[in-house]
2 protein chains.
Amino acid sequence: MAKMIDVARLAGVSVATVSRVLAGSAHVSRETREKVLRAMADLDYKPNLLARNLRKMESKTIVVVIPDISNPFFSDVIRGIQHVAKEHGYHVLLGDTQNDVDAEWDFIEMIKERAADGVILVTARTSPEKIMEMAQEVPLVMACEYIQGAELPMVTIDNVISAKRVVDHLAALGHRRIGFIAGPLHVIISRDRLQGFVLGLREHGLEQDSSLIVEGDFSIPSGYDQAVRLLQLPEPPTAIFASNDEMAIGAVKAVKQMGLKVPQDVAVVGFDDIPMATVIEPALTTICQPKFEIGKKAMEILLQLIQQSNRSHGHLKLPEKLIVRDSCGGRLKG
Amino acid sequence: MAKMIDVARLAGVSVATVSRVLAGSAHVSRETREKVLRAMADLDYKPNLLARNLRKMESKTIVVVIPDISNPFFSDVIRGIQHVAKEHGYHVLLGDTQNDVDAEWDFIEMIKERAADGVILVTARTSPEKIMEMAQEVPLVMACEYIQGAELPMVTIDNVISAKRVVDHLAALGHRRIGFIAGPLHVIISRDRLQGFVLGLREHGLEQDSSLIVEGDFSIPSGYDQAVRLLQLPEPPTAIFASNDEMAIGAVKAVKQMGLKVPQDVAVVGFDDIPMATVIEPALTTICQPKFEIGKKAMEILLQLIQQSNRSHGHLKLPEKLIVRDSCGGRLKG
DNA sequence: CTGTTAGCGCCTTCAG
DNA sequence: CTGAAGGCGCTAACAG
């Protein structure tokens, strides 16, 4: 593998000049540049990034920490991140934690080892304190998840408002008794969605029956189980709002299993708009998070953090969209 | 950020000794080791990987090149890769090409820039010649995809046999007129699956009507369109075998749309066993590739390639599984 | 516009 | 068992 000095010798210049050509510096005469370029081509020269990185004390790499790459929700976020990363010459290291807290922290610490220049957290099971402390020292951005009141860059949607919009939709359709399958309540976005749900209920003067609120774990089976619970109530709901699409899919299965129809007997709404939402029948009405945009924005902010030590970013909330498909039907009869 | 010399000074030893402790060398007395360890802890010392990598001329990073991270098929392969990578202290760089050939090549070339020690190709749109040439020079493994007759490590299933097994299954169920939706025929695994299909037909003495073979592009809409074509034939098939699950899902939609039932009127089989296959109704009978295992195996082989220059690996074929769900029903009536 | 030179932080002989 | 010293290949002052 040819190195810089080989190019320099072949072109009859110094390594500094070669380096300048590589950097696209303007302070090189056209003919010298061409000589160098030719020598590089002749030798099939590729700069050694290991050396460059050490010299510049940067890795041109960022880590994106996600709980589980198999979860389709994250792939669009990652695509957004990679899109911006690529434009700026950054590589994206995959930090799939498989829901392991230690793994999460290991990935974050890669920055201190200079194996990465920054980190985007799309999951945060580590304690908020540790994360906030780390964010003081290294470029760190949170996406999708966030920490309440934290002074660090976070890119999410407004989960409260989004959930409330679903209730608006359901109320407009005539539903007055709505069941809610919450996500695990120890994560903040689950609590936000619940809060938005309750807010909507109140605003539309709908029943607030605590037996209509159940808690799942974001999985299809838990959506199924909790939907069964709701449907077995003495006075079952006419609509079920699940806090993510997986649980909504489970709920649809439960409704069908009990011999009822979606949306005629029970309307179902999801959250996130994953690809599966269009495959299930009926296609799911759901909230679409701008996943790609969230990834892009998170990466853009991270870049700013890396370039200057500008720690002045706060919580950015991107607009979500309500996608109306078939799982809620038209207006309720009666 | 403390560096090695700081630790050395605090512990009253030389940098060489600190380096030895870091490497876990046995040639350090217990008390010296403890002194050093304490100094490292006191200073919160983290080795600078940039420097280490340059010195050892390695990046402890591998690139996994995939066509599209949003395609759920690949996430399990990546998980397998990451699982092994992690065990061996390697990082995984994401090479999502978005189906762009140039991007593919750029990721492969990262090895020459020493930004990665090896590459796993889960897609290969670059010319076989270029890839084979590159494989001579750098550690490279192919997974899922392969190049016919190439002398490089490849980990896949046997697509011919797998497809034949599907025909076996359908034939056993009594189907004699089977439609086949091929993948894009310029990719080899599509041709393999077609070949297996024809082989099965022949073996079971079934009709070989060329109008029963159509070509899609692995997408849901193409599966839908091609299924419609098959069903509109004067003598439509009683079963449709799609070359991947997405097309099978499209086919199921087409069947239903035409007022027919799966599996009663038309059986449908897919290929790959993606998560969606269990969500669609009826749940898809399909071929399950050992994706996680393929990823693991590919990474293990890559590691061997990196460690020794052992280029003696060939084409490894892992066993697939036929997953029987509901989309084929029981035996055909009559 | 071009060349010389001093490191970046670490690992690894080679001595002792 | 421990220390001294020479680079890995590149970039960025500093000179000229």
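Letters A, B, ... are given to chains in the order of the sequence lines, protein chains preceding strands, and every chain is numbered from 1.
Among residues two or more places apart in sequence or in another chain, the ring pair (Phe, Tyr, Trp, His ring centres under 6.0 Å) test is passed with A:His88 by none. Residues passing the side chain to side chain donor-acceptor pair (under 3.5 Å) test with A:Thr61, sequence neighbours excluded: none. Remark: B:Phe218 engages no residue in a ring pair (Phe, Tyr, Trp, His ring centres under 6.0 Å) (not counting sequence neighbours). Legend: residues meeting side chain to side chain donor-acceptor pair (under 3.5 Å) with A:Gln82, ordered by chain and number and at least two apart, are absent. The ring pair (Phe, Tyr, Trp, His ring centres under 6.0 Å) search around A:Tyr146 returns A:His315, not counting sequence neighbours. The side chain to side chain donor-acceptor pair (under 3.5 Å) search around A:Glu104 returns A:Thr126, not counting sequence neighbours.
As rounded to whole Å, 12 Å separates atom C1' of C:dG9 from atom CG of B:Leu22. Distance A:Met57 CE to C:dC10 C1': 10 Å, rounded to the nearest Å. Distance B:Asn48 CG to D:dC8 C1': 14 Å, rounded to the nearest Å. Note: CZ (A:Arg9) to P (D:dC10) measures 12 Å, nearest angstrom. Rounded to whole Å, the distance from CE on B:Met4 to C1' on C:dC8 is 14 Å. Distance NZ (B:Lys3) to C1' (C:dC8): 8 Å, rounded to an integer number of Å. Between the P atom of C:dG3 and the CD1 atom of A:Ile5 lies a distance of 12 Å, rounded to the nearest Å. To the nearest angstrom, P of D:dC8 lies 12 Å from CG of A:Asp6.
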Tabulate below the donor-acceptor pairs under 3.5 Å that side-chain atoms of residues 89-101 of chain B make, not counting sequence neighbours, or state none.
from: B:Asp96; atom 1: OD1; to: B:Gln98; atom 2: N; distance (Å): 2.9
from: B:Asp96; atom 1: OD1; to: B:Gln98; atom 2: NE2; distance (Å): 3.2
from: B:Asp96; atom 1: OD2; to: B:Ile69; atom 2: N; distance (Å): 3.2
from: B:Asp96; atom 1: OD2; to: B:Gln98; atom 2: NE2; distance (Å): 3.0
from: B:Thr97; atom 1: OG1; to: B:Ile66; atom 2: O; distance (Å): 3.3
from: B:Thr97; atom 1: OG1; to: B:Asn99; atom 2: N; distance (Å): 3.1
from: B:Asp100; atom 1: OD1; to: B:Asp102; atom 2: N; distance (Å): 3.0
from: B:Asp100; atom 1: OD1; to: B:Ala103; atom 2: N; distance (Å): 2.7

List, one per line, each side-chain donor-acceptor pair under 3.5 Å for residues 28-35 of chain A, sequence neighbours excluded.
from: A:Ser29; atom 1: OG; to: A:Thr32; atom 2: N; distance (Å): 3.2
from: A:Ser29; atom 1: OG; to: A:Thr32; atom 2: OG1; distance (Å): 2.7
from: A:Arg30; atom 1: NH1; to: A:Glu34; atom 2: OE2; distance (Å): 2.9
from: A:Arg33; atom 1: NH2; to: A:Ser25; atom 2: O; distance (Å): 3.2

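Rounding to the nearest 0.5 Å places CG of A:Leu302 at 9.5 Å from CD of A:Gln304.
Across residues 108-119 of chain B, not one residue has a non-hydrogen atom less than 4.0 Å from an atom of DNA chain D. Residues of residues 27-45 of chain A that place a heavy atom closer than 4.0 Å to DNA chain C, in numerical order, are A:His27, A:Val28, A:Ser29, A:Thr32.
Smallest separation of non-hydrogen atoms from A:Pro139 and A:Leu305: CB-CB, 3.9 Å.
Distances were taken from every side-chain heavy atom of B:Val13 (C-beta onward) to each of D:dG3, C:dG9, D:dC10; the shortest belongs to D:dG3. Of the listed nucleotides (D:dG3, C:dC8, D:dC8), D:dC8 has the atom at the smallest distance from the side chain of B:Leu54.
The residue among B:Ala51 and B:Thr17 whose nearest nucleotide of DNA chain D is located toward the 5' end is B:Thr17.
At the phosphate of C:dT2, neither OP1 nor OP2 sits under 4.0 Å from any side-chain N or O atom of A:Ser14.
Salt-bridge check for B:Asp6 with B:Lys3: failed, with every basic side-chain N at 4.0 Å or more from each acidic carboxylate O.
Among pairs with a residue in residues 41-54 of chain B, those fulfilling side chain to side chain donor-acceptor pair (under 3.5 Å) read B:Asp44-B:Lys46, at least two apart in sequence or across chains.
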What N/O pairs connect the protein and nucleotides 12-15 of chain D at under 3.5 Å? Give each pair on its own line.
from: D:dA12; atom 1: O4'; to: A:Arg55; atom 2: NH2; distance (Å): 3.4

